[in-house]
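Notes to accompany the following structure.
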Amino acid sequence: MHDVAVMSYGEAIREALDDALAKYPEMILIGEGVPDPKNIFGTTQGLREKYGSERVLDMPLAENGMTGICIGAALAGMRPVLVHQRIDFALLSIDQLVNNAAKWHYMFNGQQQVSLVVRVIIGRGWGQGPQHSQSLQAMFAQVPGLRVVMPTTAGDAYQFMLDAIADNNPVLFIEHRWLHPIKGEVDKTRSSAELVGASLLRRGNDITLAAFSHMSIEALKAATVLARHGVEAEVLDMRCLTPLDVDSVVRSVAKTGRLLVADCAPEMASMGHQLLSALFQSHSQRLRQAPRLIAYPNHPVPTSHFVANHYYPGAEEIAAKVLDMLDRQPLKEAVMLELQNDLAKDLPDRSFTGPF
Amino acid sequence: MHDVAVMSYGEAIREALDDALAKYPEMILIGEGVPDPKNIFGTTQGLREKYGSERVLDMPLAENGMTGICIGAALAGMRPVLVHQRIDFALLSIDQLVNNAAKWHYMFNGQQQVSLVVRVIIGRGWGQGPQHSQSLQAMFAQVPGLRVVMPTTAGDAYQFMLDAIADNNPVLFIEHRWLHPIKGEVDKTRSSAELVGASLLRRGNDITLAAFSHMSIEALKAATVLARHGVEAEVLDMRCLTPLDVDSVVRSVAKTGRLLVADCAPEMASMGHQLLSALFQSHSQRLRQAPRLIAYPNHPVPTSHFVANHYYPGAEEIAAKVLDMLDRQPLKEAVMLELQNDLAKDLPDRSFTGPF
Amino acid sequence: MAQATYDLKQLYYQMLRIRRIEEAIAARYAEQQMRCPTHLCIGEEAIAVGVCAHLTTNDKVFSNHRGHGHYLAKGGNLPRLLAELYGFAEGCCGGRGGSMHLTDLAAGFIASTPIVAGTVPLAAGYAWAEQMKKSGAAQGCASVARGRMPEATAAQGCASVAGGTAPRMEEVGRSRKPEPRMPEAANVVVIFFGDGCFEEGVMHETLNFATLKKLPLLFVCENNQYSVMTPLVERQPNRDIYKIAAAHGLQAMNGDGNRVDQVYALAQAAIANARAGLGPQFLELYTHRWPEHCGPNEDDKLGYRRPGELAAWKLRCPLLQARQGLLDSGLSHEAELADMETALVEELEQAFQWAQQGSRPSIDSMGRHLYA
Amino acid sequence: MAQATYDLKQLYYQMLRIRRIEEAIAARYAEQQMRCPTHLCIGEEAIAVGVCAHLTTNDKVFSNHRGHGHYLAKGGNLPRLLAELYGFAEGCCGGRGGSMHLTDLAAGFIASTPIVAGTVPLAAGYAWAEQMKKSGAAQGCASVARGRMPEATAAQGCASVAGGTAPRMEEVGRSRKPEPRMPEAANVVVIFFGDGCFEEGVMHETLNFATLKKLPLLFVCENNQYSVMTPLVERQPNRDIYKIAAAHGLQAMNGDGNRVDQVYALAQAAIANARAGLGPQFLELYTHRWPEHCGPNEDDKLGYRRPGELAAWKLRCPLLQARQGLLDSGLSHEAELADMETALVEELEQAFQWAQQGSRPSIDSMGRHLYA
Ligand SMILES: Cc1ncc(C[n+]2csc(CCOP(=O)(O)OP(=O)(O)O)c2C)c(N)n1
Ligand SMILES: Cc1ncc(C[n+]2csc(CCOP(=O)(O)OP(=O)(O)O)c2C)c(N)n1
Ligand SMILES: [Mg+2]
Ligand SMILES: [Mg+2]
């Protein structure tokens with residue numbers, strides 16, 4: 001029996017939080033703005049009214065302290081979900097996340113556990129600038145003991161949020177802000193993905209696109225247009241960072257022989273390196289040509305949209321790189337034309353009028 | 001004219017701090033324990049007496065605040081050198097390092113600068129355990145705007161410290177605690193390396209060992225014994241993490257055709273991935289066989305020396321892997337025998353009797 | 001120590017100028033040309049003005065996300081602020097920072113940034129360096145803004161960059177606030193921050209160090225009782241912020257942040273103390289933000305404020321109160337105040353005109369200045 | 001609320017036990033079998049003992065790097081502490097933590113860890129959860145130590161693991177402190193920390209939240225005036241720590257941490273308040289550490305203490321003072337006190353014997369328990 005509904009990524013998260021609050025009396029949902037009228041871009045709407053202000057609450061501006069407090073509550077049997085509207089703020093709490101949350105179960109030899117979910121939002125646009133739109137996922141993904149996921153579809157967002165809350169480990173749940181309005185199918189009866197594995201978004205034989213978070217959307221856009229021109233790209237959504245599902249990529253490149261990785265982070269901090277390095281050590285012979293990585297430049301993003309708009313690679317850059325790799329440059333002009341649209345590059349969609 | 005002296009790595013750092021304090025009236029040296037009787041394992045000895053308690057000072061336990069305070073002082077024209085006895089404590093200050101220090105010059109369009117050196121010590125041994133002996137270098141190396149160096153030799157330690165203090169950017173200076181007692185030549189007249197470039201520690205034609213920090217010492221040990229058995233390894237010390245000197249590795253593997261990377265960090269946080277990925281994308285054809293990476297396991301280090309001693313790969317593991325790669329397994333027994341020694345694996349040298 | 005002259009008219013004018021600038025920004029925000037998060041300080045002008053009235057350009061100011069008022073009150077260049085909001089190369093930050101990253105080194109406004117509490121320890125570090133320079137501990141140390149100032153964005157370059165039609169920046173750029181003269185006294189550093197910021201641990205770390213070193217530093221807490229839309233009562237227990245600072249050993253006072261005369265008097269005492277080497281000072285000033293937390297609109301309809309709260313604060317408008325004082329005391333009269341408005345309309349028109357003629361930063365420039 | 005009986009003899013015995021244990025560890029440290037950083041609490045025993053005397057096993061304790069005394073005073077298992085120092089599988093942490101990571105969930109000692117201030121917010125979070133459970137906000141929530149307890153390290157497993165020769169852990173493992181009975185009152189959580197820890201920002205963040213939520217939490221600041229070898233005067237201005245807590249809205253008191261009767265009395269009041277729902281409590285207690293910061297030796301020769309400082313504190317030894325009180329008041333006599341020593345010699349011998357027979361954790365086990 002299926003129970004499929006179409007909803008946005010943001011709604012899927014709200015739905016998962018709602019269902020989890022109903023299911024786990026020990027769950028609490030806390031964060032700056034959680035119960036305010038804008039309720040984390042709508043993702044916590046109505047939850048305080050439904051579950052009470054003891055379980056759904058705001059908090060002081062004290063990221064490290066509140067993370068530690070949530071860890072302590074988890075040790076006492078609670079399941080806190082802590083929200084940061086921007087991953088940049090989570091930097092203040094990295095001490096508690098790395099020194100305590102990630103290590104506690106190991107360090108105390110399995111006698112205690114920290115079932116904590118930390119929701120963080122990454123993103124771009126409308127001049128959020130150098131301190132308010134970083135892409136720090138690799139900084140967390142390298143920490144043994146943290147689970148780090150960045151689901152791309154509404155369906156995964158729902159399922160991963162439920163799985164993360166059920167999980168007895170600290171989970172960093174990373175949402176790209178621009179995914180929030182994107183609709184998808186949510187199947188509440190789907191069984192748990194257990195926070196592992198890449199997801200196959202599109203089949204193709206010519207090249208593998210392994211993409212992270214919002215870059216999977218861009219990769220899909222590129223693949224759709226490329227297909228009209230006879231180039232079939234396979235798109236893998238690398239939705240779990242730890243562990244990284246290298247095997248799925250290996251299987252895919254065994255078929256396609258070509259790999260382009262697309263990450264939404266600066267090159268120096270790209271999880272793509274981890275993926276490529278793993279492939280290089282064990283499966284480089286499966287590739288017909290050297291793989292490529294598309295990522296952001298190695299500097300902060302400036303605020304001015306005049307330049308920031310050129311900071312972020314997207315479907316066009318992916319398609320261009322694919323055509324280069326396949327030596328199909330003559331297709332470029334037509335493909336680029338089809339990929340163009342008139343939406344300003346610093347807006348997630350037409351409904352947005354700023355500021356974030 | 002050369003002015004070469006033999007001294008330990010720790011002495012070389014003290015010497016560089018002394019020379020820099022004399023040279024830059026705007027330099028200050030601050031950190032928990034800097035002027036205390038143990039003076040950061042001897043590396044700040046006598047400096048308070050020589051330069052006064054305004055410039056050489058202790059500080060409150062407030063890593064983030066004090067980092068911000070040093071950044072502010074740098075904005076006003078000072079050159080602070082801030083010391084953390086363990087990199088684990090620097091996690092508390094990552095907000096200031098990443099959000100402010102690393103971005104300030106860029107963010108304010110070149111109008112201001114942060115000449116700040118942060119000395120952090122990584123290491124192992126004597127049961128320092130999960131929270132006191134982490135190897136977090138990759139977490140910092142991925143941050144655009146920070147320079148991250150981890151010199152291995154006494155000569156580099158001296159030169160890099162002077163260069164770091166002269167540099168007008170934030171520099172994270174990472175010392176492996178076990179390097180401190182190792183002696184080497186310090187040439188004070190050597191010209192600046194400008195904090196870039198790998199260093200060739202040993203020539204060889206059979207395989208390239210690209211190693212980080214203390215792993216370079218282990219790689220050298222392995223190479224020395226291997227040479228007695230006719231295997232000539234080239235050893236590159238990857239002393240600068242940002243930028244990573246991929247070119248030197250490319251040149252070396254062009255000759256050897258084989259690459260083993262040895263990092264002193266868990267596999268998930270290995271800078272080796274960055275290196276391998278870069279090679280894969282551009283120069284994989286230079287390799288005769290798939291490269292390999294030796295790193296720590298993906299979990300915290302336990303305190304008990306009975307197990308912790310098996311956490312850290314060293315010369316033996318490097319030599320064994322080299323012989324595997326070269327298909328010279330029959331040499332293993334003899335090589336291992338020569339590499340063995342009776343020093344307990346949780347001690348840096350015989351003089352050490354704990355605790356750190 | 002020389003004493004700044006109390007001049008309510010000047011204070012009123014500075015507040016009015018900030019108000020009109022913020023209103024003008026709000027009015028134009030919907031044009032979608034200022035594409036960056038923008039936190040207006042309407043309703044809170046008295047604090048920036050009353051404090052900065054006591055500062056020379058040798059004194060430094062650090063600020064936060066809600067920084068326009070601090071920047072302007074400190075004498076920050078207006079056209080360059082506006083150009084910054086538009087993302088132009090002539091912006092005070094070359095377009096790289098937008099509303100949340102302001103700087104005007106020539107005016108002694110070092111920086112505002114939006115990580116809450118991020119600039120708090122920086123201000124202390126700056127004050128510490130000033131103290132060391134004064135004590136001779138760091139004699140010979142390099143000058144303040146050692147970074148290479150790129151030509152296109154150097155303050156002196158404004159007029160030429162903007163071309164012939166724009167007014168000369170020397171005329172419209174600087175706030176016309178008179179500078180108090182205090183030649184031999186120590187420079188002070190001021191850090192402006194909010195009630196929410198006080199919850200961050202780094203604040204406590206900074207209070208401790210500032211007191212330990214007796215820094216010439218003034219903490220100004222703009223307690224508007226909200227952090228975004230979250231009222232104080234959900235974030236802090238019922239006790240006074242300034243008393244925590246006092247317990248740390250600072251000289252701490254509180255007062256009405258909507259009365260510019262009161263802010264002026266409190267700041268005068270605090271800054272005199274700081275200059276005199278009596279150590280860090282702390283002011284907690286109560287006020288209220290009128291517009292939404294971030295963006296150009298009013299948002300009272302969202303219902304996060306208590307009913308009638310905003311209206312009551314509007315009755316206590318800092319401008320209204322100062323204006324009443326001026327008229328009641330005969331220090332000014334309607335016609336003079338109307339002239340102020342006219343002058344401001346003109347200044348603003350010129351400033352916007354200049355700013356909107358800015359040039360787009362080149363795409364090639366994007367990678368520059370990662371390293372100094 | 002039920003009142004714990006004041007029993008100076010018991011308090012003295014607990015202190016003596018901690019002292020003898022620490023001394024025994026120090027004496028054996030040079031054998032190089034306890035290969036981990038070890039921070040002894042000799043000279044500071046009165047605080048742990050005077051506070052923990054008021055706690056039941058339902059009350060929880062969090063601690064720091066200098067945790068042996070807190071662990072033992074809370075009833076933590078001694079042989080498993082020692083096995084932990086030796087790095088054996090039978091250690092309270094399976095050998096994974098050593099001296100700086102202690103836990104005994106059965107005794108209500110949740111954890112000590114060595115990142116300064118790292119456990120401070122954890123204690124508040126724990127207290128918050130206790131409060132929510134009590135209020136019914138989180139009814140039906142799972143029990144405290146939900147982690148799977150691995151067989152080889154489960155507390156009940158001790159005796160069997162240790163083999164036939166070792167004494168039964170139930171007998172030697174638990175401190176013999178009498179449990180105060182207070183059935184219906186709220187559980188409290190206690191966090192022990194040092195004067196250096198108070199400098200960390202997260203302390204301030206925790207004080208704020210604890211007061212905001214009126215948590216049943218007791219902060220105990222062991223002010224020994226040093227952080228490693230750095231005296232207070234280089235780290236904090238001249239003001240009282242507890243007054244900062246008071247300014248945060250906590251009920252805060254200070255007292256002599258070397259007088260166990262005074263600690264006992266202060267803790268009694270504070271814990272009663274916390275149980276009664278009056279919100280978080282704060283005690284600043286003055287004391288002095290005798291040995292080096294980390295390691296088994298004295299280090300007065302290093303000269304970081306003021307001349308005569310250590311000697312003066314030794315005259316104010318908490319054991320000496322309590323002993324004098326017992327003898328002067330006739331509550332005890334030399335012979336009884338000598339019996340205590342004898343009993344402790346025996347307990348220690350058995351405990352060390354058991355601990356030293358521990359088994360090495362298997363190398364295969366090293367990767368286990370990364371994820372729950
Ligand atoms: C470390 C951090 N946490 C959260 C935020 C999001 N944020 C931006 S402004 C703000 C409110 C700050 O309140 P307050 O300090 O009182 O200043 P106000 O906006 O009221 O002037 C918050 C929570 C941030 N920018 N930085
Ligand atoms: C965050 C952090 N900074 C520094 C250290 C190093 N360190 C360990 S114990 C200690 C002293 C702590 O002093 P205090 O809190 O007064 O406790 P005491 O040792 O005096 O009992 C320091 C600085 C650490 N472990 N963690
Ligand atoms: Mg506020
Ligand atoms: Mg202390």
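Chain naming here is simple, since letters A, B, ... match the order of the sequence lines and numbering starts at 1 in each. What you see is a predicted model; the values in this text were computed from it and never measured.
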Report which part of [X] has an atom under 4.5 Å of a heavy atom belonging to chain C: side chain, backbone, both, or neither.
X	answer
A:His310	both
A:Asp58	both
A:Leu347	side chain
A:Leu57	neither
A:Asn298	backbone
A:His299	both

What orientation do [X] and [Y] show, parallel under 30°, tilted 30 to 60°, or perpendicular over 60°?
X	Y	value
C:Phe352	C:Tyr86	perpendicular
C:Phe282	C:Phe198	perpendicular
C:Phe219	C:Phe193	perpendicular

Against chain A, label [X] side chain, backbone, both or neither, depending on which of its atoms sit under 4.5 Å from a heavy atom there.
X	answer
C:Ile363	both
C:Glu292	side chain
C:Met34	backbone
C:Ser99	neither
C:Ser227	side chain

Q. Are A:Arg124 and A:Asp346 close enough, and set up right, to give a salt bridge (Lys or Arg N to Asp or Glu O under 4.0 Å), and what steps lead you there?
A. CA-CA 7 Å; A:Arg124 57 184 258 205; A:Asp346 63 342; over 6 Å; no

Which one wins on heavy-atom pair count under 4.5 Å against chain A: [options]?
options	answer
C:Met366, C:Arg235, C:His101	C:Met366
C:Gln236, C:Glu200, C:Arg96, C:Gln32	C:Glu200
C:Pro361, C:Gly118, C:Gly295	C:Pro361
C:Pro114, C:Ser365, C:Gly97, C:Gly196	C:Pro114

Mind checking whether [X] and [Y] have ring centres under 6.0 Å apart?
X	Y	result
A:Tyr311	A:Tyr296	yes
C:Phe192	C:His70	yes
A:His180	A:His214	no

Q | Carboxylate-amine/guanidinium contact C:Glu44 C:Arg289, below 4.0 Å | A |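 Salt bridge: no.
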
Q) Under 3.5 Å, is there a donor-acceptor pair between the side chain of C:Asn223 and the main chain of C:Gln225? A)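 Pair found, side chain donor or acceptor close to backbone of C:Gln225.
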
Partner chain C: residue of [options] with the largest heavy-atom pair count (under 4.5 Å):
options	result
A:Pro297, A:Gly127, A:Gly65	A:Gly127
A:Glu63, A:Glu32, A:Met59	A:Glu63
A:Pro130, A:Gly33, A:Gly125, A:Gly129	A:Pro130

Q. So, A:Gln128 and A:Arg86: side-chain donor and acceptor under 3.5 Å apart, yes or no?
A. yes

Q. Just checking, A:Arg177 and A:Phe356: is the charged tip under 6.0 Å from the six-membered ring centre and within 45° of the axis?
A. no

